[in-house]
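Take a look at the structure below.
Note that these values count all heavy atoms, side chains included, but never hydrogens, waters or copies made by symmetry.
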Amino acid sequence: MKKYFEEKSLPVDVKKHYKGNKKLLSKVLDYLRNNYDFERIEDINFALFYSYIEIECATTIYVDDVGAAFQKVRCKIDKLPKTQSILSFIEELEKLERLELRRRKRLEKLMNLDFDSLELKEKKDVAYKLSDSKDLTNKGVAARYFLKIYNETKDIHYFCNYASTLYKSGNKEKAMEEYDEIIQLFKTENYSNMGWVMGSIYADRMDYYKNDKKKFREIWDTAKADPYVREVPFAFPGYLGYVIEFAEISFNYGYFDICDELLDEIKKEKLPVPQNIKEHYGL
C-alpha cells in the first residue's frame with residue numbers, strides 16, 4: 001500500500017520505533033496496539049500511519065484477519081475529515097477490498113475442487129497455489145495435497161514441500177516429526193541439488209526451538225556444517241540467502257553471538273544487512 005502519511009510528523013516514540021522496524025511491521029503494530037487507542041486518534045497523519053500498518057500487516061502477515069482489518073480501518077477513516085490524503089487512501093483501500101474478494105473467490109474455487117480426479121499436473125498447480133496463500137487453512141489443505149502427490153509419485157521433493165507447508169500452516173509439532181524423517185533420508189541417500197530443503201528445515205527448526213537455548217545452538221552448529229546447505233549455489237540468494245535468514249532469526253530471538261558470526265559473512269560478501277540488525281549495530 002502507498003504511504004499517505006509523513007514519517008517526520010509522527011509522534012517521536014512512534015517514529016523511532018517505526019524507523020528501527022520497517023522490515024518487521026508486526027512489531028510496529030504490536031507497539032501501536034499496546035500504546036495507542038486507534039479509535040481515539042484525532043491527528044489525520046497519525047491515523048493514516050496506523051491504518052497503513054494495519055493494512056500492511058493484514059495483507060502480508062495476518063491474512064486470516066484481513067477482512068476485520070479492512071473494516072476496522074474503514075470505520076476509523078470514514079469519521080475523519082475528507083482531506084485529499086484521506087480520499088486517496090479510501091480509493092486505494094477500495095481497490096484492495098476488491099482484490100481481496102477476488103482472491104478469496106479464487107481460493108474458494110480451488111478448495112472445492114475434486115482433487116483426486118485431477119491430472120497430476122493440475123494437482124501440482126492447485127497445491128502450489130494454495131501453499132502460496134497466507135491463509136493457514138489453505139496451507140493446511142496444500143500440505144495434505146503435497147502428501148498425496150508424494151504418495152502418487154514417490155518424488156521426495158513433494159514430501160519436503162508437504163513438511164514445509166505443514167510447518168507454515170501452524171502444525172509445527174507434526175512438521176518437526178516429518179523434518180526428522182527427511183533429515184534421516186538425506187543421511188542415507190544422496191539428494192543432489194536439494195540443499196534448499198535442509199536450509200529451510202534448519203530455519204524452521206531454529207524458529208521452533210527459539211526458547212530452548214541448548215537446542216537452538218545445536219541446530220545452528222549442525223546447519224553451518226551441513227554439506228547440503230553448503231552445496232546450494234553460493235551466490236545470493238542461494239546459500240547466502242540462508243545466511244541472512246539465519247541472522248535475522250538469531251537476532252530476533254536474542255542469540256547475538258550467532259548473529260555476530262553471520263554478520264561478518266554478510267559484510268564480507270557485501271550483502272544487504274536487514275534493517276533491524278543495521279539499526280542495532282549502528283551500521
Side-chain angles (χ1 to χ4, degrees), residues 1-111 129-139 168-170 237 244-245 248 251-252 272-280:
M1 186 176 206
K2 293 179 183 178
K3 298 177 181 179
Y4 295 96
F5 60 89
E6 290 186 0
E7 186 176 341
K8 64 181 181 181
S9 300
L10 294 172
V12 175
D13 62 318
V14 173
K15 183 164 53 178
K16 181 179 179 181
H17 201 78
Y18 175 57
K19 185 178 180 182
N21 293 283
K22 288 186 177 179
K23 292 190 176 181
L24 290 168
L25 293 184
S26 59
K27 285 191 173 183
V28 181
L29 183 58
D30 287 342
Y31 181 82
L32 290 172
R33 287 177 174 176
N34 289 333
N35 292 277
Y36 291 92
D37 183 346
F38 186 42
E39 291 300 318
R40 299 182 68 178
I41 294 174
E42 296 182 358
D43 181 80
I44 291 177
N45 188 67
F46 190 17
L48 284 169
F49 170 77
Y50 201 133
S51 299
Y52 166 81
I53 299 297
E54 284 276 5
I55 297 300
E56 282 295 295
C57 288
T59 54
T60 60
I61 304 171
Y62 308 119
V63 177
D64 290 345
D65 301 326
V66 68
F70 284 161
Q71 184 177 12
K72 176 181 177 180
V73 167
R74 179 170 282 284
C75 286
K76 175 63 180 177
I77 293 298
D78 283 346
K79 297 174 184 176
L80 296 173
K82 297 303 181 282
T83 63
Q84 186 56 52
S85 57
I86 290 291
L87 291 173
S88 298
F89 181 92
I90 290 173
E91 185 177 349
E92 185 171 359
L93 179 60
E94 288 173 346
K95 290 179 182 177
L96 289 173
E97 288 171 332
R98 290 194 293 271
L99 286 172
E100 172 61 15
L101 182 60
R102 288 201 293 271
R103 184 188 74 84
R104 288 195 176 278
K105 284 183 176 179
R106 285 197 301 270
L107 290 173
E108 208 173 290
K109 185 177 179 181
L110 292 175
M111 292 280 279
K129 283 181 178 177
L130 288 174
S131 69
D132 286 341
S133 165
K134 300 207 182 291
D135 184 280
L136 297 185
T137 301
N138 293 338
K139 283 187 179 295
K168 292 178 176 62
S169 74
I244 291 177
E245 185 173 7
E248 287 190 294
F251 177 82
N252 290 339
V273 179
Q275 183 63 33
N276 55 334
I277 297 177
K278 186 184 293 185
E279 292 285 340
H280 178 80

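- Between E56 and V28, the closest side-chain pair of non-hydrogen atoms is not below 4.5 Å.
- We find the CG-CG distance between L130 and N138 to be 5.5 Å, quoted to the nearest 0.5 Å.
- The shortest side-chain heavy-atom distance between L32 and F46 falls under the 4.5 Å cut-off.
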H17 and L10: CA distance, side-chain angles, deciding distance, side-chain contact (heavy atoms from CB on, under 4.5 Å) verdict: CA-CA 11 Å; H17 201 78; L10 294 172; over 6 Å; no
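- A69 and I55 get closest at one heavy-atom pair: O-CD1, 4.4 Å.
- Across S133 and L107, no two heavy atoms sit closer than the pair OG-CD1, 3.6 Å.
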Donor-acceptor list for residues 90-97 side chains, cut-off 3.5 Å, not counting sequence neighbours:
from : atom 1 : to  : atom 2 : distance (Å)
E92  : OE1    : K2  : N      : 3.4
E92  : OE1    : Y4  : OH     : 2.7
E92  : OE2    : K2  : N      : 3.2
E97  : OE1    : R74 : NH2    : 3.2
E97  : OE2    : R74 : NE     : 3.2

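- Put simply, CD1 on I44 and NZ on K82 are 9.5 Å apart, with the number rounded to the nearest 0.5 Å.
- Every residue two or more places apart in sequence or in another chain was checked for a side-chain hydrogen bond (donor to acceptor under 3.5 Å, both in side chains) with K76, and none qualifies.
- Side chains of Y36 and D13: a donor-acceptor N/O pair is present below 3.5 angstrom, by distance only.
- Taking N35 as the reference, Y31 meet the side chain to side chain contact (heavy atoms under 4.5 Å, CB included) condition, with sequence neighbours excluded.
- A salt bridge does not link R104 with E108: none of the charged nitrogens is closer than 4.0 Å to a carboxylate oxygen.
- Applying the side-chain hydrogen bond (donor to acceptor under 3.5 Å, both in side chains) test to K3 and every residue at least two apart in sequence or in another chain returns Y18.
- Here E6 pairs with S9 under the side-chain hydrogen bond (donor to acceptor under 3.5 Å, both in side chains) rule; sequence neighbours left out.
- Distance check: R33 CZ to F38 CZ gives 10.0 Å after rounding to the nearest 0.5 Å.
- Under the rule for a salt bridge (Lys or Arg N to Asp or Glu O under 4.0 Å), K109 has no partner lying at least two apart in sequence or in another chain.
- Here K22 pairs with E7 under the salt bridge (Lys or Arg N to Asp or Glu O under 4.0 Å) rule; sequence neighbours left out.
- Every residue two or more places apart in sequence or in another chain was checked for a salt bridge (Lys or Arg N to Asp or Glu O under 4.0 Å) with K168, and none qualifies.
- D37 contributes atom CG, which lies 7.5 Å from atom OH of Y50 (distance to the nearest 0.5 angstrom).
- The side-chain contact (heavy atoms from CB on, under 4.5 Å) test with I53 is passed by exactly one of L48, V14, V73, L29: L29.
- The ring-ring contact (aromatic ring centres under 6.0 Å, His included) check on F251 picks up F256, H280, with sequence neighbours excluded.
- Legend: residues meeting salt bridge (Lys or Arg N to Asp or Glu O under 4.0 Å) with E39, ordered by chain and number and at least two apart, are K79.
- Remark: F5 engages F49, Y52 in a ring-ring contact (aromatic ring centres under 6.0 Å, His included) (not counting sequence neighbours).
- Scanning for side chain to side chain contact (heavy atoms under 4.5 Å, CB included) contacts around R102 gives R98, L99, R106, with sequence neighbours left out.
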